[in-house]
Visitor: 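The structure under discussion is supplied below as structure tokens; questions concerning it will follow.
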Amino acid sequence: MKLMYRLMLTFFTIIIILLVILSVSFVQVTNNTLYHNTWNQLKSYSDSLVQDSIRYDPANRSFEGFATDSLQTNASLLTRQYVHFAIYDTAQRQIYASNGFTSTITKDQWNKLKDGQVLCTKVTMAKFDHQVADTKTPEMTEVLKPYFYKGKMVAVVSIATLISTIKENMHQIVLNLLVAFVIAALLTLAVSYFLARSITQRIERLQKATHEVARGNYNVQVATEGKDEINDLAQSFNTMTKSLEESRQEIHRQEERRRQFMADAAHEMRTPLTTINGILEGLEYDVIPEEDKQHSIQLMQNETRRLIRLVNDNLDYEKIRTNQISMERKVFDAAAVLANLQEQLSKKARAQGDRIELDVTSELRVYADYDRFVQIMFNITQNAIQFTQNALIKIQGRKVADGSQFKVTDNGIGMTKDQLANIWERYYKADRSRMNTKYGESGLGLAIVHQLMLLHGGKVTVESKYGKGTTFTVFFLDRDHAPHGTGKTSSKEKN
């Protein structure tokens, strides 16, 4: 069975059950109300005929009896309304009976009447003269009411009316209720349809959107309305499709990066391999003069070392990116490390006409992996040397809140905003403006720096203006704030 019909059946069943319960309750209440109204009316008739017919002795104000003519008048009037009565004295003898009406009063009922209770009976089988009723023993509803004078019971009135009148009224009420029930059932069916349809339409929209996702269209959003579970499902679906679309775009970007990586790697390796192959062919065919052979061999060695560095850089990058390296962090003096770094790179800086200036506070303590710290600062400084000529390169180190901060500033060629957005990508030097080896060998140095800083839980930022220079800022957290457990294995800490 389809969900829509199941929902309709559920709504219809629930509402019909409620209607049946309400109808039965209404019939019961109405039936009881009719009886109580009839009893109240009978009590009122009883009080009226007693007041009209009772007689007292004027001398001593004692009860004498009932006036027969008054009783007959009341009997004539009440008979037209199908009401009959009988009056009994204290000895349970019948004083008067309209139309031969005779009620049966049990001993228990008589005792209750003596106690002043008014007794109401729904169904009683009374007796009439054969000329009054169509049946000899019609069903009636009766009220037995005692009357007292000066604290003593003087009479009991039994007054009753035919139940057929009440039943006729109830029959008409039930017929009207049945018509209303049928109309309500039809309306319930219509309401159930619209309620079920409103729910299934939202589910159908989700189903259509799911089919679109199955076809590969992740750019699908479902309208959200209301605050129910289907709305929550729609919101979750929208979140899922958004995530799938982002994943698809990321996969596309990764695929483009993979293609670019293959092209960049091929380009980086082609030049040294071509150089080596050309020299080997020259040596094979003995076209290289004897005095140039030694230079050619040195050139092949340089290109071979360049290839080895390129491969090693790629391997290092992948190990760092996939957390396959072990970090052994400790606290050490960064000033001494940077002084050694300045000495190592001074020769290369002088070849570019540059000068390295060191501005580091004495005994600057840093919490990091020693070798990786050297690698980070070496790559950034070497990058500054490659893009700067005849200028100053300044290395600064300071203790700041929660850690240590280092800056490498140059007055080199700088970068544009687009170049800054891609600076951490592998082989970024493959940009057309940086194709030659003058600006580095592999283009992996800064990518490695970025990954190493992520492993340290630190941060590296760069500020640059095209033609005016660049500033790299590196921040290492101190021991109390640094994350633990980075790298392939748990980080080791040393003092």
Visitor: Evaluate the side-chain proximity of I173 to L34: yes if any heavy-atom separation is below 4.5 Å, no if none is.
Guide: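 Sidechains of I173 and L34: in contact.
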Visitor: Looking just at side-chain N and O atoms, do Y147 and S46 make a donor-acceptor pair shorter than 3.5 Å?
Guide: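 Yes - a donor-acceptor pair under 3.5 Å links their side chains.
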Visitor: Please determine whether a side-chain nitrogen of the Lys or Arg among K399 and E363 lies less than 4.0 Å from a carboxylate oxygen of the Asp or Glu.
Guide: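 No, this pair does not count.
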Visitor: Considering only residues two or more places apart or on different chains, which pairs with a residue in residues 171-186 satisfy side-chain hydrogen bond (donor to acceptor under 3.5 Å, both in side chains)?
Guide: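 Applying side-chain hydrogen bond (donor to acceptor under 3.5 Å, both in side chains) to every pair that reaches into residues 171-186, excluding sequence neighbours, yields Q172-N176.
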Visitor: Does a side-chain heavy-atom distance below 4.5 Å link T473 with F475?
Guide: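 The answer is no, as the side chains (C-beta and beyond) never meet within the 4.5 Å cut-off.
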Visitor: State, with a plain yes or no, whether a side-chain heavy atom of Q72 is found less than 4.5 Å away from one of Y96.
Guide: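 The answer is yes, as the side chains (C-beta and beyond) meet within the 4.5 Å cut-off.
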Visitor: Could you list the residues that satisfy salt bridge (charged side-chain N to carboxylate O under 4.0 Å, His left out) with D402, not counting sequence neighbours?
Guide: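 Here no residue qualifies.
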Visitor: Tell me every residue that passes salt bridge (charged side-chain N to carboxylate O under 4.0 Å, His left out) with D47, counting only those two or more places apart in sequence or in another chain.
Guide: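 Scan of D47 (salt bridge (charged side-chain N to carboxylate O under 4.0 Å, His left out), adjacent residues dropped) gives K145.
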Visitor: If the condition is salt bridge (charged side-chain N to carboxylate O under 4.0 Å, His left out), which residues does R215 pass it with, not counting sequence neighbours?
Guide: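 Salt bridge (charged side-chain N to carboxylate O under 4.0 Å, His left out) check on R215 returns E212.
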Visitor: Please identify each residue that fulfils side chain to side chain contact (heavy atoms under 4.5 Å, CB included) with L187, with sequence neighbours left out.
Guide: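 By the side chain to side chain contact (heavy atoms under 4.5 Å, CB included) rule, L187 matches I183.
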Visitor: Would you say S98's side chain and H84's backbone share a donor-acceptor pair under 3.5 angstrom?
Guide: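 Checking the backbone N and O of H84 against the side chain of S98, no donor-acceptor pair under 3.5 Å is found.
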Visitor: With no hydrogens and no angle check, is any side-chain donor or acceptor of T241 less than 3.5 Å from a backbone partner on N219?
Guide: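 No: the side chain of T241 does not pair with the backbone of N219.
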Visitor: What do you reckon, are the aromatic ring centroids of Y370 and F332 less than 6.0 Å apart?
Guide: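 Here the rings of F332 and Y370 have centres that are less than 6.0 Å from each other.
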Visitor: Determine yes or no for a side-chain-to-main-chain donor-acceptor pair under 3.5 angstrom, with S44 supplying the side chain and N40 the backbone.
Guide: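 No, because the side chain of S44 does not come within donor-acceptor range (under 3.5 Å) of the backbone of N40.
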Visitor: With a 3.5 Å distance limit and no angle check, can you tell me whether S243 reaches the backbone of T239 through a side-chain donor-acceptor pair?
Guide: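 It does not hold such a pair.
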Visitor: Okay, side chain of S76, backbone of T73: is any donor-acceptor separation there less than 3.5 Å?
Guide: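 No: the side chain of S76 does not pair with the backbone of T73.
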Visitor: Kindly indicate, with the supporting measurements, whether the criterion salt bridge (Lys or Arg N to Asp or Glu O under 4.0 Å) is fulfilled by E245 and K242.
Guide: CA-CA 5 Å; E245 178 63 19; K242 183 179 179 181; over 6 Å; no
Visitor: Taking atom types as modelled and ignoring hydrogens, do the side chains of T409 and Q396 form a donor-acceptor contact shorter than 3.5 angstrom?
Guide: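 T409 vs Q396: no donor-acceptor pair found between side chains.
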Visitor: Can you name the side chain to side chain contact (heavy atoms under 4.5 Å, CB included) partners of L19, sequence neighbours left out?
Guide: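 Partners of L19 under the side chain to side chain contact (heavy atoms under 4.5 Å, CB included) test: I15, I16, F181, A184, T188.
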Visitor: Can any side-chain N or O of S464 pair as donor or acceptor with the backbone N or O of G469 at less than 3.5 Å?
Guide: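 Answer holds: yes.
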Visitor: Do the rings of F63 and F66 sit parallel, tilted or perpendicular, given the 30° and 60° boundaries?
Guide: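 It falls in the perpendicular class, over 60°.
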Visitor: So do S158 and F101 actually touch side chain to side chain, heavy atoms under 4.5 Å?
Guide: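 Heavy-atom side-chain distance check passes, below 4.5 Å.
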